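The model shown is predicted, which means the values in this text are computed figures rather than measured ones.
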Protein chains: 2
Amino acid sequence: MSLSYALLGLLTYGPMTGYQLKKVFDESISHVWAASLSQIYRELSALEKKGYLSSNIEKQSDRPNKKIYSLTETGKAAFIGWLGHFPEKMLTPNRDEFMLRIFFGSRLDHKQVINELKRFIVQMDQYLSLLENIEDEFDVCSSKFSVESEAKEVLFWQLTIKRGHMTIKTLIKWAESCIEDINNFYTKQEEKKGD
Amino acid sequence: MSLSYALLGLLTYGPMTGYQLKKVFDESISHVWAASLSQIYRELSALEKKGYLSSNIEKQSDRPNKKIYSLTETGKAAFIGWLGHFPEKMLTPNRDEFMLRIFFGSRLDHKQVINELKRFIVQMDQYLSLLENIEDEFDVCSSKFSVESEAKEVLFWQLTIKRGHMTIKTLIKWAESCIEDINNFYTKQEEKKGD
DNA sequence: AGGATCATGTAACCGGTTACATGATTAC
DNA sequence: GTAATCATGTAACCGGTTACATGATCCT
């Protein structure tokens, strides 16, 4: 599965604990592949059993001990192998609770639908500004460290964030056009009654 | 869950078999919520146990008998209840195998990445024309049947397809800009070497 | 002859979600 | 005082995927 390779991929940057991996996930990959802590722990122990990872425990007196995972050679090879094989079908099936309700929107009061669309826009705006902050940080990054390898990594991270940015902007435009379309439909309906 | 309500929702249009539901799904809701046949059958029997659906069997001599499901009153009430309660968070977590590889794209030969992005564009173009065909059919629909209730339904179906249309178009633009960005990065890198 | 369509399902698997459990430290 | 952070997990559940099973008819 993909989650395991995401973990292996992050561990190519250096050894980490499950807890640290979760944090790195949330700040980077989560925009492309989300994961919960319990899932990460479960996956890490499975990967260790497989021999893709090794672990050593760092004792701490004040806090719980750390279990630090490192990528093995076979683990790295597995990651590289996975990375080179892109999926044939690049369209991932959508499952969207919100959209499912819009599909049946004709059964609702159109004022409620418009309210929900407005809520949708607010949420997308929030997420958009979050993405814009991340983009700003990347811009700082790529100007600071102009080492070739680091700049290259930042480039691809930027591309993933850009995708989010662009699609969210489009979704906002979509929702706005929906509100218009719905309003038009209902005003036309009333004109007909007026005749 | 959502699948059950999608099924209940479709059955508000009239009684159907699981097989028929699958076909309707593929032509409409699948763009918003995909489902497999085995899943539909499993779900339908669960809904019948719950009392949301009732079934009667239509005997056929040449083909397997049909098990026709109808919505019960409690089923309809459950659907309406679900429909009115939109999820608080309208952002669904992404999980995209393709994007995960782009995230680690710095570890690949940039020519391969560009090739995969081009394949991505081809696939999106195909899906786009599919969506455009659906939109054309809807346009015919809404001009043909101008009964108020039917036109209203078509309106919301159009909105769901429009979302797909707009996001796919954006994804194509994104992929094109990625190819540019990557090419720029590598030509700049070579210029530096030339100095 | 071979594949699509009609029509029903079952069973196993896999991975994502939620809830539970523990417990010290630090910051407001 | 109470919430967040650090740090580890386990167990149950739920829903989506894949594979299997059956069998006639219709189209190329």
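Of the two residues contacting DNA chain D, namely B:Arg42 and A:Thr17, the nearest-nucleotide position lying further toward the 5' end is that of A:Thr17. Each of B:Gly18 and A:Trp33 has a nearest nucleotide on DNA chain C; the 5'-most of these lies closest to B:Gly18. Both B:Arg95 and B:Tyr69 sit near DNA chain C, but only B:Tyr69 has its closest nucleotide nearer the 5' end.
In summary, the aromatic rings of A:Phe104 and B:Phe156 are positioned with their centroids too far apart to meet the 6.0 Å limit.
There is no side-chain donor-acceptor pair under 3.5 Å between A:Gln158 and B:Asp181.
Two residues are said to be in side-chain contact when any heavy atoms from C-beta on lie closer than 4.5 Å; B:His31 and B:Tyr127 meet this criterion. Counting heavy atoms from C-beta on, the side chains of A:Lys162 and A:Phe138 never come closer than 4.5 Å.
Using a 4.0 Å cutoff to heavy atoms of chain B, the contacted part of DNA chain C runs 5' to 3' from C:dT5 to C:dT17.
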Sequence neighbours excluded and cut-off under 3.5 Å, please list the side-chain donor-acceptor pairs for residues 50-60 of chain B, or say none.
unit_1, atom_1, unit_2, atom_2, d
B:Ser55, OG, B:Glu48, OE2, 2.6
B:Gln60, NE2, B:Pro64, O, 3.0

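At the heavy-atom level, A:Lys23 lies under 4.0 Å from the strands shown only through sugar-phosphate atoms. No engagement by A:Glu43 is indicated, since no non-hydrogen atom pair under 4.0 Å with the nucleic acid exists.
A cation-pi contact links A:Arg107 to B:Tyr13, judged by a cut-off of 6.0 Å to the six-membered ring centre and 45° from its axis.
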